[in-house]
J.: 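I'd like to ask some things about the structure below.
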Amino acid sequence: AIIEAWQVENEPTLAGFGVCPEPDSAFFEKEVKLVRSLDSRPIAITESGELSTRAKATELADWIGISIYRTVWNNTLGLFTYPLTPAYYRYRAKTLAPFVKKIFVSELQVEPWGNTDLINLPIAEQKMIIDEKKAAASIKFAKQAGFDEAYLWGVEWWAYLKAHGDFGMWQTIKDEVYKKKGGLDGRQGK
């Protein structure tokens, strides 16, 4: 099927992040109910892998997508790497498994998250945050956490680098995802 599930909102229970209205649980429930009334495909709800409890999502979702962001910019701490291990994500997924049909990585960070928009962050600084080695490590991290499906966050950045003569990130992602033994999605490499 072209459409496997409907994603209702992105991290709808995460408060105090970005420039967004405060979470409205009643409105969110109405959105899910509306989608269910229109189509029988699963409802996917995405949650922060680092900052949310995911409790509300398990009440409403068939599938839970979690993000894995390892190095981020924080206004208080500056550039910050979460001290979380693959076992943390594996354990969190295991605690959700009885309540939903599927758990996957909805956003696996493979682009830099700096103190400004990427367009304003020099490439050298971007590559200090995440380079080819760190990108490969992020994919390995998700595999070690036990996920067999992950959506990578950053393709527009790799494409930008490639269009400007830097093929390293594009090739690294290609090599990591399509290894001979199969990537996160199980497809065979070419």
Side-chain angles (χ1 to χ4, degrees), residues 7 10-11 14 16-20 44 46-52 54 63-94 96 102-190:
Q7 178 182 333
N10 179 50
E11 301 175 347
L14 185 59
F17 179 76
V19 184
C20 299
T46 58
E47 292 288 348
S48 168
E50 298 76 30
L51 302 175
S52 70
R54 304 178 196 109
W63 298 1
I64 299 284
I66 63 168
S67 60
I68 298 178
Y69 283 87
R70 298 183 62 207
T71 302
V72 299
W73 178 264
N74 177 289
N75 288 333
T76 304
L77 303 172
L79 197 59
F80 174 76
T81 300
Y82 285 101
L84 304 173
T85 65
Y88 166 83
Y89 292 93
R90 188 171 41 255
Y91 173 76
R92 295 294 300 271
K94 186 177 179 179
L96 298 174
K102 180 177 181 175
I103 301 168
F104 62 101
V105 179
S106 54
E107 297 175 22
L108 178 59
Q109 179 190 20
V110 280
E111 82 172 1
W113 182 341
N115 62 344
T116 187
D117 294 332
L118 283 182
I119 195 79
N120 297 316
L121 192 65
I123 298 291
E125 289 183 42
Q126 293 176 25
K127 290 285 194 105
M128 286 175 56
I129 298 168
I130 191 163
D131 59 10
E132 291 83 352
K133 185 175 178 181
K134 291 176 185 174
S138 285
I139 294 169
K140 183 177 179 183
F141 187 95
K143 289 177 185 178
Q144 290 172 334
F147 295 101
D148 59 4
E149 183 176 350
Y151 294 88
L152 307 183
W153 190 262
V155 69
E156 72 285 356
W157 180 58
W158 325 323
Y160 174 85
L161 293 173
K162 183 179 173 192
H164 289 84
D166 181 346
F167 293 84
M169 189 63 70
W170 191 270
Q171 190 61 48
T172 295
I173 300 302
K174 183 177 173 183
D175 291 348
E176 289 299 316
V177 171
Y178 295 106
K179 287 189 174 191
K180 295 270 186 235
K181 293 180 183 176
L184 282 167
D185 65 3
R187 288 186 285 176
Q188 292 297 313
K190 302 221 184 279

J.: Donor-acceptor pairs under 3.5 angstrom involving side-chain atoms of residues 73-81: please list them, not counting sequence neighbours.
T.:
| unit_1 | atom_1 | unit_2 | atom_2 | d |
| --- | --- | --- | --- | --- |
| Trp73 | NE1 | Asn75 | OD1 | 3.3 |
| Asn74 | OD1 | Thr76 | N | 2.7 |
| Asn74 | OD1 | Leu77 | N | 2.9 |
| Thr81 | OG1 | Thr71 | OG1 | 3.0 |

J.: Can you tell me how far apart CD1 (Ile103) and CZ (Arg90) are? Round to the nearest 0.5 Å.
T.: 13.0 Å
J.: Is the shortest heavy-atom distance from the side chain of Trp170 to the side chain of Val155 under 4.5 Å?
T.: yes
J.: At their closest point, which heavy atom of Met169 faces which heavy atom of Ile130, and how far apart are they?
T.: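 Smallest interatomic distance, heavy atoms only, reads CE-O, 3.9 Å.
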J.: For Thr85 and Phe141, work out which heavy atoms get closest and say how close.
T.: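 Nearest pair, atom of Thr85 first, then Phe141: C-CZ, 3.5 Å.
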J.: If you round to the nearest 0.5 Å, how far is CG of Leu51 from OG of Ser67?
T.: 7.5 Å
J.: Is the backbone N or O of Thr172 less than 3.5 Å from a side-chain atom of Glu132, with the two atoms forming a donor-acceptor pair by type?
T.: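 Checked: no pair found.
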J.: Let me confirm one number: the CG-OG distance from Leu152 to Ser106, rounded to the nearest 0.5 Å.
T.: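 Interatomic distance, Leu152 CG to Ser106 OG, rounded to 0.5 Å: 11.5 Å.
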J.: Considering all heavy atoms of both residues, which atom of Gln144 and which atom of Pro86 are nearest to each other, and what is their separation?
T.: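 Nearest heavy atoms, Gln144 then Pro86: OE1-CG, 3.6 Å.
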J.: Which heavy atom of Leu121 sits nearest a heavy atom of Glu125, and at what distance?
T.: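 For Leu121 and Glu125, the tightest heavy-atom pair comes out as CD1-OE1, 3.3 Å.
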J.: Mind checking the CD1-CH2 spacing from Ile173 to Trp157? Nearest 0.5 Å is all I need.
T.: 8.5 Å
J.: Nearest 0.5 angstrom please: Ile66 CD1 to Glu107 CD, how far?
T.: 11.0 Å
J.: Going by atom types alone, do Tyr151 and Glu149 pair a side-chain donor with an acceptor below 3.5 Å?
T.: yes
J.: Just checking, any donor-acceptor pair under 3.5 angstrom between side chains of Glu50 and Tyr88?
T.: no
J.: So with a 6.0 Å cut-off around NZ of Lys174, is the heavy-atom count from everything else above 12?
T.: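 At most 12 heavy atoms, drawn from other residues, nucleotides or ligands, come within 6.0 Å of this atom.
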J.: Just one of Trp153, Tyr69, Tyr82 clears the ring-ring contact (aromatic ring centres under 6.0 Å, His included) bar with Trp113, so which one?
T.: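 So, applying the ring-ring contact (aromatic ring centres under 6.0 Å, His included) to Trp113 and each of Trp153, Tyr69, Tyr82, only Tyr69 qualifies.
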J.: Main chain of Lys134, side chain of Asp131: is a donor-acceptor contact present, judged purely on distance under 3.5 Å?
T.: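 It does hold such a pair.
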J.: May I ask you to decide whether Lys140 forms a salt bridge with Glu176, counting only side-chain N to carboxylate O separations under 4.0 Å?
T.: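 Looking at Lys140 and Glu176, the cut-off is not met.
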J.: Looking only at heavy atoms, what is the nearest atom pair of Pro112 and Leu118, with distance?
T.: CG-CD2, 3.4 Å
J.: Would Ile123 and Tyr160 count as a side-chain contact (heavy atoms from CB on, under 4.5 Å) if you check the C-alpha gap in whole Å, the side-chain angles of each, and the deciding distance to 0.1 Å?
T.: CA-CA 11 Å; Ile123 298 291; Tyr160 174 85; 4.0 Å; yes
J.: If you define the side chain from C-beta out and look only at heavy atoms, does anything of Trp63 sit under 4.5 Å from Phe104?
T.: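 Yes, at least one pair of side-chain atoms sits under 4.5 Å.
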J.: Rounded to the nearest 0.5 Å, how far apart are OG of Ser138 and NZ of Lys133?
T.: 13.0 Å
J.: Any non-hydrogen side-chain atom of Arg92 less than 4.5 Å from a side-chain atom of Leu96?
T.: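 Sidechains of Leu96 and Arg92: no contact.
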J.: Carefully, step by step, assess Glu111 and Glu156 under the rule side-chain contact (heavy atoms from CB on, under 4.5 Å).
T.: CA-CA 9 Å; Glu111 82 172 1; Glu156 72 285 356; 3.0 Å; yes
